[in-house]
Amino acid sequence: MIGRAFFVLIFLLISSPALAIEDFAPASADWYGLQGFVQLGESLGFEIAMSDTLDWSQLSLAEPVIIVYPRAELNGDSLADWVGDGGRVLLLDDFGKSQSFLNRLNVTRVEPSLGSLPHNEFADDMPAFPVFHPSGRHALIDGVGAIVANHPSVISNEGGPVVAFTAGGALVYDMNLGDGKAILMSDSSLFINQMLGIADNELLAQNSLEYLCRNERPCRIHLYIGDFSNVGTYKRLDDGANLDQSVGMINRFLSKLLEGLPGHELLFYLSLLLGIGMAAYLCTVFPLKRMRAYSAFVDDFYRPIPEPQSEFDWNLSRFGLPNRRLNYALPLSILKELFEELFLTDLGLWPSEPGARPNIEAMTDLFGEKHLKGLSEADRRQARSDLLQLLVELTAIPPRNRVFLDSEAHFGAADLLRLNRRVLETLKRMGLDDEYKRRTHGNI
């Protein structure tokens, strides 16, 4: 039972400006502290590490993060990249500075005025305290019969929420991003001392900690609250390495190629390269791709939310927003994945981690030794050049598990057709084109 006296007390405390309470203090036993939540985590065998500085460059993928009501704007790009590489974050925020991260997730947040929550059940008819009865199967709500929130905001996304308001929008989302997870709760005070013992809020908190740590121990959880500072930048795994490596390889290849050309041919190719470089510069100054529009609140926010979707459905709906041109990044990432497996297997390099493989130039040499014998010098040079260019272009395509995170990766139908044709040409030379077609068309 949820007593009226308790909620009258809460209402008076929240509405009283004379109270001087340190909000969300992890060591505070006051009603608005988080001592109970921290002690709950420690009683479950988790280490709760608290800090007032979040250094993005020092984040570990093995150690999840909890962020409560950030008062300084989160570095949304660093947080999204860290999650995409395998990090796990629980964000409890109703009116804090997490908008940049929410934008990366395409999550809309509405901060309704008192009495305008899209909900039809409230504790003792008090409009600040919506009561939820979660349905469905999810680790976060296992055994949870009722949740009571305290002045929450309302978040919304195309995908299905874990805990939803009755008239649209969500209190809790669980989002798969690349190799990691982002658990969003639109109530910073859901687990404060006074709320933790109400309804099944403590069980929700316990499930959240277990889920964040994959129910594994030991598990070290980093807790950042309120006025913590953001410093540094998270560097994605192998971020930029392939591109820098590829540019260097192209430069070395071009140097070798140009050294053997007669003077008049050298002048021709140098002019051609200058033209290509000027075209690339102009495309940078005057981009041809339409800029992505800023996220905006949906006008019909209170419409019914569809049934929970799969991770693929959620990503697809996010990636296919009407303000974006049709993007072929996903089929290209699948093409890249299939080609890499066939190509590397043929060279004896599969399975292997990207960082353990030879560089692109070395793989081109291996390919030449195995498949370009018997060709004239000119034909071998052209075939190596074509393969090198193909491998460089493929490095710009994000892997399948990052397609929807790398939102600026945009490829058109012409890119798909061109790269598919070049992949087929390469695999045909290797005698693997039939296997590639069997895999892509599902023929057995």
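Note that the coordinates shown come from a computational prediction; the quantities given were computed from them, not determined experimentally.
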Below 30° counts as parallel, above 60° as perpendicular, anything between as tilted: where do the rings of Phe24 and Tyr32 land?
tilted
Got a donor-acceptor contact below 3.5 angstrom from the [X] side chain to the [Y] backbone?
X: Asn157; Y: Asn106; result: yes
X: Ser153; Y: Glu111; result: no
X: His133; Y: Ala146; result: no
X: Arg422; Y: Asp386; result: yes
X: Asn207; Y: Leu140; result: yes
X: Ser100; Y: Leu74; result: yes
X: Thr395; Y: Val392; result: yes
X: Asp93; Y: Gly96; result: yes
X: Asp124; Y: Met126; result: no
X: Asp77; Y: Thr233; result: no

Which heavy-atom pair separates [X] from [Y] by the least distance, and what is that distance?
X: Leu184; Y: Ile155; value: CB-CD1, 4.0 Å
X: Pro161; Y: Val172; value: CB-O, 3.5 Å
X: Pro130; Y: His119; value: CB-CD2, 3.5 Å
X: Gly232; Y: Asn75; value: O-ND2, 4.1 Å
X: Thr364; Y: Leu391; value: OG1-CD1, 3.9 Å
X: Ile192; Y: Trp31; value: CD1-O, 3.6 Å

Is there a side-chain contact between [X] and [Y] (heavy atoms, below 4.5 Å)?
X: Ser333; Y: Ile397; result: yes
X: Phe46; Y: Leu40; result: no
X: Val154; Y: Leu117; result: yes
X: Ile147; Y: Leu190; result: yes
X: Glu337; Y: Glu341; result: no
X: Asp52; Y: Asp227; result: no
X: Tyr173; Y: Leu105; result: no
X: Leu387; Y: Phe343; result: yes

Decide side-chain contact (heavy atoms from CB on, under 4.5 Å) for Arg104 and Asp81; before the verdict, give the C-alpha distance in whole Å, the side-chain angles of both, and the deciding distance to 0.1 Å.
CA-CA 10 Å; Arg104 282 293 301 267; Asp81 287 342; 3.9 Å; yes
Working to the nearest 0.5 Å, report the span between [atom1] of [X] and [atom2] of [Y].
X: Leu424; Y: Asp434; atom1: CG; atom2: CG; answer: 10.0 Å
X: Asp30; Y: Gln194; atom1: CG; atom2: CD; answer: 10.0 Å
X: Phe367; Y: Leu388; atom1: CZ; atom2: CG; answer: 12.0 Å
X: His222; Y: Asp55; atom1: NE2; atom2: CG; answer: 11.0 Å
X: Leu79; Y: Phe101; atom1: CG; atom2: CZ; answer: 4.0 Å
X: Ile67; Y: Ser188; atom1: CD1; atom2: OG; answer: 11.5 Å

Centres of the Tyr69 and Phe95 rings: under 6.0 Å?
no
Glu210 bridged to Arg217 by N-O distance under 4.0 Å
yes
Is Arg88 close enough and on-axis enough to Tyr211, meaning under 6.0 Å and within 45°, for cation-pi?
yes
Let's go through Trp350 and Arg357 carefully: what are the C-alpha distance in whole Å and the side-chain angles of both, what is the deciding distance for side-chain contact (heavy atoms from CB on, under 4.5 Å) to 0.1 Å, and is it a yes or a no?
CA-CA 9 Å; Trp350 184 271; Arg357 298 169 189 165; 3.6 Å; yes
For a side-chain contact (heavy atoms from CB on, under 4.5 Å) check, start with the C-alpha distance between Lys336 and Val423, then their side-chain angles and the critical distance, and finish with the verdict.
CA-CA 9 Å; Lys336 171 184 176 178; Val423 161; over 6 Å; no
Please determine whether side-chain contact (heavy atoms from CB on, under 4.5 Å) holds for the pair Ser60 and Arg220, giving the CA-CA distance in whole Å, both sets of side-chain angles, and the decisive distance to 0.1 Å.
CA-CA 10 Å; Ser60 168; Arg220 190 168 192 253; over 6 Å; no
Can you name the salt bridge (charged side-chain N to carboxylate O under 4.0 Å, His left out) partners of Arg418, sequence neighbours left out?
Glu393, Asp415
